[in-house]
Amino acid sequence: MNRQTFAYSRMLVRYNDDSAVGTCSLNCTAIDLVVNFKNTPVSFQVGDYQTKNLIDADKAVWVIGGKKQGVMTERAKWAFADKKSARAFIKENGGKLANFEEVMRLAFEDLYLDTKKTRERMARQQQQKLMTSKKQSLHTTATK
């Protein structure tokens, strides 16, 4: 996924072997942590929802839920540089305050259903592409 498009939810994980992985969301970071379970993460940065600047994920003020659709997840998890911004978001969109430990735990808890829904969405998109391709092929054949 495009990290520029999702600058407000992107994450950057640095591991103990000096490698780093950039993702579009907390959900994709959770997946990467599973895949790279042999490496120990040494830092997490996340895009501030408002400024899109990378901030320390552990120091961020997180918001869980609300009416804004999450990135790659049903249960949204947004990071803010300060509590004032997080509370303003909650006032407008709903949700509740959380810390990094809580949102990581919820990301892993949500992973199965979120991944399942992503696979289903991808299958529907693939089916639509096939149907569009068949329609175009039939139209081309019919006009010859």
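- Side-chain N or O atoms of Ser133 include none that pairs as donor or acceptor with a backbone N or O of Lys129 at under 3.5 Å.
- The aromatic rings of Tyr49 and Phe80 sit tilted relative to each other, their planes meeting at an angle between 30° and 60°.
- Residues Leu12 and Ile31 are members of separate hydrophobic clusters, defined by side-chain heavy-atom contacts under 4.5 angstrom among Ile, Leu, Val, Met, Phe, Trp and Tyr.
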> Does the pair Asp56 and Phe44 meet the rule for a side-chain contact (heavy atoms from CB on, under 4.5 Å), with working shown?
Replying inline: CA-CA 6 Å; Asp56 183 327; Phe44 294 92; 5.9 Å; no
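- With rounding to the nearest 0.5 Å, the separation of CD in Glu74 from NZ in Lys117 is 3.5 Å.
- Ile90 and Phe100 are not part of a single hydrophobic cluster, where members link through side-chain heavy atoms under 4.5 Å apart.
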>> What verdict does the side-chain contact (heavy atoms from CB on, under 4.5 Å) test give for Asp110 and Lys77, after you've listed the backbone C-alpha separation in whole Å, the side-chain angles of each residue and the deciding distance to 0.1 Å?
In response: CA-CA 11 Å; Asp110 296 345; Lys77 301 158 196 82; 2.8 Å; yes
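- With hydrophobic clusters built from ILVMFWY side chains whose heavy atoms lie under 4.5 angstrom apart, Met104 shares a cluster with Leu111.
- A donor-acceptor contact shorter than 3.5 Å links the side chain of Ser9 to the backbone of Cys24.
- Taking hydrophobic clusters as Ile, Leu, Val, Met, Phe, Trp and Tyr residues chained together by side-chain heavy-atom distances below 4.5 Å, Val34 shares a cluster with Val21.
- With rounding to the nearest 0.5 Å, the separation of CG in Asp82 from CZ in Arg87 is 10.5 Å.
- At distances below 3.5 Å, at least one donor-acceptor pair connects side-chain atoms of Arg10 with backbone N or O atoms of Lys52.
- Between the side chain of Asn93 and the main chain of Gly66, no donor-acceptor pair closer than 3.5 Å is present.
- Rounding to the nearest 0.5 angstrom, the gap separating the CZ atom in Phe37 from the CG atom in Asp32 is 12.5 Å.
- Expressed to the nearest 0.5 Å, how far CD of Glu120 lies from CD of Gln125 amounts to 12.5 Å.
- Side chain of Thr73 to main chain of Ala76: no donor-acceptor pair is present (N/O by atom type, distance under 3.5 Å, no hydrogens or angles).
- Crowding of Gln69 atom CD: a count of heavy atoms from other residues, nucleotides or ligands under 6.0 Å exceeding 12.
- Residue-environment remark: CD (Glu92) stays at or below the threshold of 12 foreign heavy atoms within 6.0 Å.
- Under the 3.5 Å distance criterion, with hydrogens and angles disregarded, no donor-acceptor pair is assigned to the side chains of Tyr8 and Asn53.
- Distance check: Arg14 CZ to Asn39 CG gives 14.0 Å after rounding to the nearest 0.5 Å.
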>> Applying side-chain hydrogen bond (donor to acceptor under 3.5 Å, both in side chains) to Asp17 and Ser19, what does each step give before you reach the verdict?
In response: CA-CA 6 Å; Asp17 66 353; Ser19 65; 2.5 Å; yes
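- Ionic pairing of Glu101 and Arg105 is not present here: no N-O contact between side-chain nitrogen and carboxylate oxygen is shorter than 4.0 angstrom.
- With values rounded to the nearest 0.5 angstrom, Phe89 atom CZ is found 6.5 Å from Lys68 atom NZ.
- Using a distance-only test at 3.5 Å, with no hydrogens or angles considered, a donor-acceptor pair links the side chain of Thr118 to the main chain of Asp114.
- Asp48 contributes a side-chain N or O that, together with a main-chain N or O of Ala81, makes up a donor-acceptor pair within less than 3.5 Å.
- Checking each of Leu106, Leu97, Val103 against Trp62 for a side-chain contact (heavy atoms from CB on, under 4.5 Å) leaves exactly one that passes, namely Val103.
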> Yes or no on side-chain contact (heavy atoms from CB on, under 4.5 Å) for Ile55 and Val46, after CA distance, side-chain angles and deciding distance?
Replying inline: CA-CA 5 Å; Ile55 58 176; Val46 62; 3.8 Å; yes
> side-chain contact (heavy atoms from CB on, under 4.5 Å) between Trp78 and Val61: does it pass, once the steps are laid out?
Replying inline: CA-CA 8 Å; Trp78 308 115; Val61 180; over 6 Å; no
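- Residues Met11 and Val35 share a hydrophobic cluster, clusters being chains of Ile/Leu/Val/Met/Phe/Trp/Tyr side chains in contact below 4.5 Å.
- The neighbour count for Asp18 CG, taken as heavy atoms of other residues, nucleotides or ligands under 6.0 Å away, does not exceed 12.
- Inter-residue side-chain proximity for Glu102 and Ile64 is flagged as met; some heavy-atom pair is nearer than 4.5 Å.
- When every heavy atom of Leu33 is checked against every heavy atom of Pro41, the shortest pair comes out as CD2-CG, 3.8 Å.
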